[in-house]
Visitor: 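Please see the structure below; I have some questions.
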Amino acid sequence: MPHSATTAKYIFVTGGVTSSLGKGIISASLAKLLQSRGYRVTIQKLDPYINVDPGTLNPYEHGECFVTDDGAETDLDLGHYERFLNTPTSQANNVTTGKIYQTVINREREGAYLGKTVQVIPHITDEIKRRIKLLGETGQFDIVITEIGGTVGDIESLPYIEAVRQLIWEIGSTNAVVIHLTLLPYLSTTGELKTKPTQHSVKMLLEYGIQPDILVCRTEKHMSHDLRRKIALFCNVNVNAVIESIDASTIYEVPLLMMKEQLDKVVMHKLKLPSKHEPDMQAWKDFLGKLKNPVREIKVGLIGKYIELKDAYKSIVESFIHAGVANECKVELVWIHSEKIDNDNVKSQLKGLNAILVAPGFGERGIEGKITAIKYARENNVPFLGICLGMQCAVVEFARNVLGLKGAHSTEMDAKTKHPVIDMMAEQKTIKAKGGTMRLGEYPCNITKGTKAFSAYGKLKVAERHRHRYEFNNAYLKSFEAAGMTASGINPNTGLVEIVEVKNHPWFVGVQFHPEYKSTVIKPHPLFVRFVKAALEN
Ligand code: GLN
């Protein structure tokens with residue numbers, strides 16, 4: 001078998017039978033276990049769709065767009081990877097078919113293929129393999145987990161499966177392991193778990209030249225030893241490589257369930273990785289213990305316009321889980337559609353909430369409802385956190401109702417407003433192309449002493465991730481500050497207002513950046529922790 005020089009070991013995670021089985025959570029859980037054994041692990045997601053990135057996708061289509069430090073607009077699974085591992089991902093961690101083809105077609109236009117016919121095999125598969133190896137070749141990781149989006153058998157994911165087949169051959173089978181995630185449907189009439197869909201799905205992988213080493217079986221009932229033996233026999237895997245993945249009450253339980261099933265051990269055995277020490281999962285267990293046994297409970301209103309699809313606000317939801325645990329409290333989110341809030345019903349809609357969060361977003365729809373909710377929070381001393389568009393709406397609300405600037409708005413919603421308190425950033429004005437063109441990724445922010453932001457962070461310099469085109473219009477800053485809304489966080493290089501807060505209020509904070517992208521199990525985000533604390537005190 002030909003071996004090319006490789007420093008990292010590769011784990012491929014494929015999915016069969018149906019989509020939405022939770023490949024992302026299984027990948028992140030395995031990564032967590034290997035990390036807790038002292039290995040440096042990263043996870044990469046290969047998405048078979050033709051969009052270059054999910055940045056231009058409607059959140060209703062694909063859920064939240066997650067943003068990395070280096071400004072990649074990515075699949076929301078990368079959020080899970082970061083929340084579990086507490087290590088940042090980057091551009092290289094999310095690859096789409098659009099990106100692969102774009103690279104190959106650009107090379108073809110440059111004449112790099114020297115007149116050859118450019119084909120799926122070898123040119124597309126070569127580019128896929130190059131992208132898979134990229135993270136391993138940095139020397140930063142001992143193990144790279146590559147999650148292949150979609151379901152085996154989809155036309156779209158075929159080139160990825162083929163690339164994996166070739167790569168295993170090239171790097172040698174002790175450097176690669178294939179985990180196939182499948183579903184065992186439960187037939188309540190006969191009281192049985194059925195294995196046939198799993199057998200068929202493995203057969204399909206075999207047709208493509210891949211023998212999975214490990215089967216992770218999603219199931220709602222425990223698997224008997226006989227059932228495991230049967231699957232092992234039909235699918236040519238060891239019985240200890242048939243892993244049960246029983247439905248869990250929270251995704252944060254899955255690493256411990258996988259540890260019990262010894263998924264990490266089976267992987268290490270196949271990869272001939274020495275056991276440095278047993279997994280150290282104590283901090284994780286403490287987190288889970290607190291998550292399952294909260295001593296208090298609060299209700300937070302989450303106001304947005306994509307609330308029909310909870311995945312559209314994935315990172316915010318998870319940030320509340322982390323911040324809730326930090327406060328030993330259960331945060332119940334009350335989802336409120338911004339289009340349904342008006343002056344007449346705002347009181348009844350928001351009554352009984354301990355705090356209000358206004359979510360990020362784009363475009364006009366539901367804006368006035370957000371502004372009305374913010375006015376209510378400000379006037380009634382309800383703790384408030386506005387994120388990105390939520391912060392911009394807080395600025396508009398303050399301009400209209402405190403500064404008396406009638407018709408004040410963001411130029412995103414009203415290009416001709418007399419008082420453009422939120423305006424397009426200068427650098428954005430000449431940009432016409434969509435996708436990857438916003439102000440993206442991590443930028444520094446200086447915090448003002450004596451503010452709520454400072455008491456949350458406890459330091460003067462922070463860096464947070466962004467995804468926006470509009471900003472606070474500094475021409476109005478003096479009037480805002482004189483009236484009681486201060487800028488407590490500012491970009492040191494450009495003067496861009498990153499955080500606003502209302503002085504005479506228990507906790508009213510708006511942030512231009514997205515704190516939710518940086519909250520992890522081990523490091524809950526300080527703004528969310530303080531916000532939940534303020535809600536508890538309300
Ligand atoms: N639409 C606003 C902007 O582009 C806010 C973006 C957001 O909430 N992510 O500035």
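Residue indices begin at 1 and follow the sequence shown. Order of listing sets the numbers, starting from 1, for every ligand and every atom in it.
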Visitor: Could you list the atoms of ligand 1 found under 4.0 angstrom from a heavy atom of His468?
Guide: 3 (C), 4 (O), 10 (O)
Visitor: To the nearest 0.1 Å, how far is atom 4 (O) of ligand 1 from its closest protein heavy atom, and which atom is that?
Guide: Arg469 N, 3.0 Å
Visitor: What is the ring orientation for Tyr60 with Tyr306, classed by angle as parallel under 30°, tilted 30 to 60°, or perpendicular over 60°?
Guide: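 Ring orientation of Tyr60 relative to Tyr306: perpendicular.
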Visitor: Could you find the nearest protein heavy atom to atom 5 (C) of ligand 1 and give me its residue, atom name and distance?
Guide: Gly361 O, 3.3 Å
Visitor: Just checking, is any N or O donor in the side chain of Gln44 or Thr146 under 3.5 Å from an acceptor N or O on the other one?
Guide: yes
Visitor: Within the 4.0 Å heavy-atom shell around His514, which atoms of ligand 1 are there?
Guide: 9 (N)
Visitor: Does Lys32 make a cation-pi contact with Trp284, if we ask for NZ or CZ under 6.0 Å from the ring centre and within 45° of the axis?
Guide: no
Visitor: Please write down residue, atom name and distance for the protein heavy atom closest to atom 10 (O) of ligand 1.
Guide: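 The answer is Tyr470 N, 2.9 Å.
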Visitor: Whether Lys416 and Asp414 form a salt bridge (side-chain N of Lys/Arg under 4.0 Å from carboxylate O of Asp/Glu) is what I want to check.
Guide: no
Visitor: State whether Glu127 and Arg107 are salt-bridged, where the test is any N-O pair (Lys NZ or Arg NE/NH1/NH2 against Asp/Glu carboxylate O) under 4.0 Å.
Guide: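 No, Glu127 and Arg107 are not salt-bridged.
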Visitor: Using a strict cut-off of less than 4.0 Å between a Lys/Arg side-chain nitrogen and an Asp/Glu carboxylate oxygen, indicate whether Lys292 and Glu253 qualify as a salt bridge.
Guide: yes
Visitor: Applying a 4.0 Å heavy-atom criterion (strictly less than), which segment of Arg467 is in contact with ligand 1: side chain, backbone, both, or neither?
Guide: backbone
Visitor: Looking only at distance, does Met438 have an N or O less than 3.5 Å from an N or O of ligand 1?
Guide: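 Between Met438 and ligand 1, no N or O pair is found under 3.5 Å apart.
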Visitor: Does the N or O separation between Gln392 and ligand 1 drop below 3.5 Å for any pair?
Guide: yes
Visitor: Which ligand 1 atoms, with their elements, are less than 4.0 angstrom from a heavy-atom of Cys388?
Guide: 5 (C), 6 (C), 7 (C), 8 (O), 9 (N)
Visitor: Fit a plane to each ring of His80 and Phe84, take the angle between them on a 0 to 90° scale, and name the class: parallel (under 30°), tilted (30 to 60°) or perpendicular (over 60°).
Guide: perpendicular
Visitor: Using a strict threshold of under 4.0 Å (side-chain N to carboxylate O), is an ion pair present between Glu73 and Arg467?
Guide: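 The answer is yes: the pair qualifies as a salt bridge.
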Visitor: Write out the residue and atom name of the closest protein heavy atom to atom 2 (C) of ligand 1, then the distance separating them to 0.1 Å.
Guide: Glu412 OE1, 3.2 Å
Visitor: Below 3.5 Å, N or O to N or O, backbone or side chain included: is there any such pair between Pro360 and ligand 1?
Guide: no
